[in-house]
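By convention in this document, chain letters (A, B, ...) are assigned in the order of the sequence lines, proteins followed by strands, and residues within each chain are numbered from 1.
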4 protein chains.
Amino acid sequence: MPKISKAQRDSRREQILEAALACFSEEGFHQTGMADIVGRSGMSHGAVYLYFRGKDDIIEALADDRHRSEAILNSAAQQADDPIARLRALVRAYARALIDPDGEARRRVGVHGWAEALRNPRVRARVVEGIDIPRALIVGLVERAQGAGRLSNELSADAVARAFVALFQGFLLQVAWGEAIDVDSCVAVVDRMLGGLEPGEARAEPPE
Amino acid sequence: MPKISKAQRDSRREQILEAALACFSEEGFHQTGMADIVGRSGMSHGAVYLYFRGKDDIIEALADDRHRSEAILNSAAQQADDPIARLRALVRAYARALIDPDGEARRRVGVHGWAEALRNPRVRARVVEGIDIPRALIVGLVERAQGAGRLSNELSADAVARAFVALFQGFLLQVAWGEAIDVDSCVAVVDRMLGGLEPGEARAEPPE
Amino acid sequence: MPKISKAQRDSRREQILEAALACFSEEGFHQTGMADIVGRSGMSHGAVYLYFRGKDDIIEALADDRHRSEAILNSAAQQADDPIARLRALVRAYARALIDPDGEARRRVGVHGWAEALRNPRVRARVVEGIDIPRALIVGLVERAQGAGRLSNELSADAVARAFVALFQGFLLQVAWGEAIDVDSCVAVVDRMLGGLEPGEARAEPPE
Amino acid sequence: MPKISKAQRDSRREQILEAALACFSEEGFHQTGMADIVGRSGMSHGAVYLYFRGKDDIIEALADDRHRSEAILNSAAQQADDPIARLRALVRAYARALIDPDGEARRRVGVHGWAEALRNPRVRARVVEGIDIPRALIVGLVERAQGAGRLSNELSADAVARAFVALFQGFLLQVAWGEAIDVDSCVAVVDRMLGGLEPGEARAEPPE
DNA sequence: TATGAATGAGACTTCATTCAT
DNA sequence: AATGAATGAAGTCTCATTCAT
C-alpha cells in the first residue's frame with residue numbers, strides 16, 4: 001500500500017529529523033514549535049504527521065542516541081585484547097567525539113534529552129539505553145582487567161563504569177556549554193585517573 | 001512604608017520558590033504552568049507577580065544554585081591545610097549531597113537548568129557561576145598540591161578541576177535519574193582516581 | 001463625621017485629578033492604569049478610592065469640561081452688546097485657548113472624551129453639557145443678530161451655531177495632534193466666514 | 001502554493017474587519033476584546049491570527065480610512081474646472097457621507113481613531129494620511145481660486161483648508177454622537193461661509 | 001501522498017478593586 | 001483616614017494537531 005518506497009520514506013524522515021535536531025539544539029524541545037521544524041524541513045505541517053505521530057515522537061526519535069554511542073564505540077574497537085588499552089581507547093574515542101564540530105547539535109540535544117528523561121519515560125528509556133551500551137562495555141572491560149590483575153579487585157566494576165560515564169557526561173556538558181576546554185589535557189588527566197585504579201597500595205590514604 | 005516586613009516578604013518569596021521547585025522538578029520549566037506554581041504555593045495568581053516579574057524570573061531564581069554550592073563547600077571546609085585532604089573532603093561532601101533525600105528536587109531542577117542554560121543567557125550565567133565556585137576552589141587546591149609536590153606537575157590544574165567537576169555532574173545526573181548507585185563505592189573509585197594524579201611514573205603507558 | 005475639612009478633601013481630589021489628567025493625556029483612559037494614577041498622584045491605592053468611586057468616576061470628573069467652557073466664555077464676555085462683535089470675541093477666545101501651552105493635556109483628554117462619549121452615557125452627558133453651553137450662547141447671539149438684521153435670516157441659527165462649534169472642535173483636534181497651525185491665519189479665515197453670513201445676496205450662487 | 005486564493009483570503013480579512021468595525025464602533029478599541037471580534041466574525045480564535053498579527057494590526061487596518069476619503073473625493077469629482085464649484089461639490093459630498101446610515105460605524109470608529117492617534121504613532125500616521133488627502137486637494141483648489149481672483153488673496157490657503165477640514169471633522173463628531181443635525185441647513189451655512197472668503201472688503205470689521 | 005488553513009484549549013500576564021491592618 | 005498586599009476574572013496570543021481538498 002505504501003505509495004513511496006521505503007528509501008524515500010526514510011529520506012523524508014531523516015529530513016525532518018535533521019530539521020528538528022537543529023531546532024531543538026537551538027531552543028530545546030519545548031521552546032521549539034512544530035512550525036519551526038516544518039519551516040526548516042521545507043515540508044508541510046501535514047507531511048510531518050505522515051512520518052511521525054507527533055512532536056513527542058520526533059523528540060523520542062532524537063533522544064535515541066544508540067547510533068552515536070555505537071559509532072563511538074566502534075571507532076574505539078581494536079584488535080588489542082588488553083582491557084586497559086581498550087579503556088584508554090574508549091576515552092580517546094569519546095574525546096574525539098567531544099571536539100567534533102559536526103556533533104555540536106547532537107551534544108546540545110543530548111543535554112536537553114537528559115532533562116527530558118527526567119519526566120518523559122519513553123525518552124528516559126531511550127536515553128538510558130544509549131548510556132547502558134558503553135557502561136555495560138566498561139563493566140565488562142573492568143571485570144576482565146580485574147580478573148587479569150590489572151585493576152584493583154577492591155573496586156566495584158559498576159562504580160568504575162559509572163565514574164567513567166560520569167566523566168564523559170560531565171565533559172560533554174561543559175563542551176556543550178561552549179566552555180574553553182583543552183580536551184587533550186583532560187584526556188591526560190583521565191589517563192592518570194585510570195592509572196590510579198591499578199592494583200597496589202593506594203598511594204594516599206583516604207581520611208578514615 | 002512597606003506594609004509587610006522584609007522577613008514576611010522573603011517568606012512569601014520562598015513559598016513561591018518552593019512550589020516552583022517542586023513543579024519544575026516534576027515537569028521541567030516549560031511544561032510547568034504558572035497555574036501549577038500558583039496552585040501549589042497556595043497563593044493567588046496575581047500575588048505571584050508581586051514577588052516575581054514573571055515565570056522567567058522564577059526560573060532564574062531557581063537556576064541560581066550558588067547557595068547550594070557554597071553549602072556543600074562549607075561542609076567540606078576543615079582546618080586541615082593539606083590540599084589533597086581538602087580535595088578528598090570535597091568529594092565526600094558532594095557524595096553526601098548526592099544521597100540527601102531532601103535534595104532530590106534541587107538535583108532534578110539542576111539538570112533542567114543545565115539544558116536551559118544552553119539557550120537562556122541569564123540562566124546560563126547563574127548556572128555557570130554556581131559551578132565556577134567549586135571549580136576555582138579545586139584549581140587552587142590542585143596548584144597548591146602541585147607546588148607541594150603532591151600532585152604531578154605534568155597535569156593542567158584546569159583539566160584536573162574540570163575532571164572533578166565532570167565527575168560531580170555526571171554522578172548527579174545519574175542520581176537524578178534515580179539509578180541504583182552505590183555512592184560509597186563511587187567515592188572509593190574517585191579516591192583511587194585522585195591517587196593516580198600523584199607524581200611519579202604513570203603506571204600504565206597510554207597507547208602511543 | 002468627616003475627619004478632614006472640605007478644603008483638604010477638595011485638595012486631595014484635585015491632586016488625583018491632576019495626576020489622572022496627565023496620565024490620560026498621554027495614554028488615554030483605557031490604557032492608563034489605576035497604578036499610573038496612584039503613582040503620579042503620590043497617594044496610595046486605597047486613598048484614591050476614598051475620593052472617587054473608581055476609575056470611571058475619575059474619567060467622568062475629567063470629562064466634565066464645563067469649567068473650561070465657562071472660563072473661555074467668560075474671557076470673551078464684554079460689555080459690548082453687539083452680537084456680531086461678541087461672536088468675533090468668542091472666536092478669539094477659543095483661538096487663545098487653543099494655543100495655551102498649559103491647556104495641552106486638557107485638549108488631548110478632551111479628544112479622548114469625545115471617543116469615550118460614544119460608549120459611556122455618563123461621560124457623554126458631561127461632554128455634551130460642556131458643548132451645549134457655548135452652542136446655546138451662539139444660538140442666542142445669532143438670533144439676536146438676525147433680529148437686528150445683522151445676519152441673514154435665511155440661515156438656521158442652530159446650524160450656524162453647530163458650524164462654529166464644528167470649527168472649534170476641528171481646530172482643537174488638529175492642535176491636539178500637534179499639527180503646525182497658524183492660529184491667527186485661521187482666525188482671519190473664520191472672521192471672513194462669519195462675514196459671509198451677513199444678509200445680502202450670497203455672492204456666489206451655490207449649484208442649484 | 002497558497003491553499004486559498006487571494007480573493008478568499010481578502011474575503012476572510014474583510015469578514016474580520018467588518019466584525020471588528022462593529023465591535024469597535026460600539027465599545028471602542030480598548031474595551032473591545034478579541035473574543036468579541038472572534039465571536040462576531042464567526043471565525044475561530046486562532047484563525048484571526050492567520051490574517052492579522054494581533055489586535056493592534058486590526059486597529060491599524062481600520063484606522064486607515066484613505067479608501068473612504070478617496071471615495072468621498074471621487075464622488076465630488078466633476079468635469080467643471082471651476083475651483084469654487086469644486087469646493088462646494090466637496091462640501092456636499094461630505095454632507096452626503098455624513099448622513100449615510102451605512103457609514104455610521106465608520107464614523108464612530110473614526111472618532112475613536114482620532115483619540116487613538118494621540119498615543120499610537122502607527123494609527124496616527126494612517127489617520128493623518130486619510131486627512132491629508134482632502135486637505136491637500138482643498139489647498140490646491142484654494143490656490144487656484146486665489147490665482148483666478150475668486151478668493152481673497154489675503155487668506156492663507158492652508159488656513160482655509162484647515163478650516164474646511166475642521167468643519168468636516170466637527171460635523172462628523174456631532175453626527176457620530178447622534179445629535180439632531182439638519183445637514184442641509186448646515187450645508188447652507190457652509191456655503192455662505194465660503195462666500196465670505198471671496199475678495200472684497202470684509203463686510204464687518206473685526207474688533208480692533 | 002501532500003497541503004496548509006483552521007481549531008480551541010491553554011499559556012502567561014495585567015489590573016480595578018477590596019480589606020485587614 | 002490611610003495603606004498596600006492580595007485577589008481572580010479577564011485579557012491577548014500561541015501552538016500541536018486535524019482534515020477537507
Side-chain angles (χ1 to χ4, degrees), chain A residues 1-5 8-9 12 29-39 43-59, chain B residues 1-5 8-9 12 30-38 42-58, chain C residues 1-5 8-9 12 29-39 43-59, chain D residues 1-5 8-9 12 30-38 42-58:
Chain A
M1 261 134 283
K3 293 233 181 107
I4 59 171
S5 72
Q8 275 179 315
R9 191 173 171 79
R12 291 282 217 184
F29 298 129
H30 302 296
Q31 297 304 93
T32 294
M34 283 301 276
D36 299 317
I37 298 173
V38 165
M43 304 180 61
S44 69
H45 276 253
V48 170
Y49 284 85
L50 293 174
Y51 297 97
F52 292 93
R53 263 228 227 73
K55 192 183 175 183
D56 285 348
D57 200 18
I58 300 177
I59 293 174
Chain B
M1 276 132 272
K3 196 122 178 212
I4 60 174
S5 68
Q8 277 176 311
R9 193 177 165 76
R12 289 287 218 182
H30 302 297
Q31 297 303 95
T32 294
M34 286 301 281
D36 300 316
I37 299 173
V38 165
M43 304 181 61
S44 75
H45 221 118
V48 172
Y49 286 85
L50 293 175
Y51 294 93
F52 293 93
R53 277 214 290 290
K55 191 183 174 183
D56 284 350
D57 202 17
I58 299 178
Chain C
M1 258 132 287
K3 291 233 179 107
I4 59 171
S5 71
Q8 275 178 315
R9 190 173 171 79
R12 292 282 217 185
F29 298 129
H30 302 296
Q31 298 304 93
T32 293
M34 284 301 276
D36 299 316
I37 299 172
V38 165
M43 303 180 63
S44 70
H45 276 253
V48 170
Y49 284 84
L50 293 174
Y51 296 96
F52 292 92
R53 260 227 233 74
K55 191 180 174 184
D56 285 349
D57 200 19
I58 300 177
I59 293 174
Chain D
M1 276 130 270
K3 196 119 176 214
I4 60 174
S5 68
Q8 276 176 312
R9 192 176 166 78
R12 289 285 219 183
H30 302 297
Q31 298 304 97
T32 294
M34 285 302 281
D36 300 317
I37 298 173
V38 165
M43 303 181 62
S44 75
H45 218 120
V48 172
Y49 287 86
L50 294 175
Y51 295 93
F52 293 93
R53 277 214 290 287
K55 192 182 173 184
D56 284 350
D57 201 18
I58 300 178

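- Between B:Lys55 atom NZ and E:dA11 atom C1' there is a gap of 8 Å when expressed in whole angstrom units.
- Contact annotation: the side chain of B:Gln31 never approaches that of A:Phe29 to less than 4.5 Å [non-hydrogen atoms, C-beta and beyond].
- From A:Ile59, atom CD1 reaches atom CZ of A:Phe52 across 11.5 Å, with rounding to the nearest 0.5 Å.
- The CZ atom of C:Arg12 lies 4.5 Å from the OH atom of C:Tyr51; values are rounded to the nearest 0.5 Å.
- The shortest distance between the side-chain N/O atoms of D:Arg12 and the OP1/OP2 oxygens of E:dA6 is below 4.0 Å.
- Of all the heavy atoms in B:Leu50 and B:Arg9, the pair that sits closest is O-NH2, 3.2 Å.
- For the pair A:Arg9 CZ and E:dA2 C1', the computed distance is 13 Å after rounding to whole Å.
- The separation between B:Leu50 atom CG and F:dT7 atom C1' is 10 Å, rounded to whole Å.
- Comparing atom distances between the D:Ala47 side chain and each of F:dG4, E:dT17, E:dA6 picks out E:dA6 as nearest.
- When the side-chain nitrogen and oxygen atoms of C:Tyr51 are compared with OP1 and OP2 of F:dA2, one or more of them lie within a distance under 4.0 Å.
- We find that CZ of C:Phe52 is positioned 16 Å from P of E:dT18, with the value rounded to whole Å.
- For the atom pair NE2 of C:His30 and NE2 of D:His30, the computed distance is 8.0 Å after rounding to the nearest 0.5 Å.
- In this entry the distance linking CD1 of B:Ile58 with C1' of E:dC12 reads 11 Å, nearest Å.
- Side-chain atoms of B:Ser44 lie closest to F:dG8 of the nucleotides F:dG8, E:dA16, E:dC12.
- Rounded to whole Å, atom P of F:dT12 lies 7 Å from atom CE of D:Met34.
- Figure legend. F:dA1 is base-paired to no nucleotide; pairs are counted as Watson-Crick or G-U wobble with both atom distances under 3.5 Å.
- The residue B:Gly46 sits close to a base: some heavy atom pair falls under 4.0 Å.
- Between B:Tyr49 atom OH and F:dA10 atom C1' there is a gap of 14 Å when expressed in whole angstrom units.
- Sequence order on DNA chain E of the closest nucleotides to C:Thr32 and B:His45 puts B:His45 first from the 5' end.
- Following rounding to the nearest Å, D:Gln8 (CD) and E:dA6 (C1') show an atom-to-atom distance of 13 Å.
- Across the interface with DNA chain E, nearest-nucleotide mapping of C:Asp56 and B:Ala35 shows B:Ala35 to be the residue nearer the 5′ end.
- Phosphate contact (OP1/OP2 of F:dT17, side-chain N/O of A:Arg53, threshold under 4.0 Å): absent.
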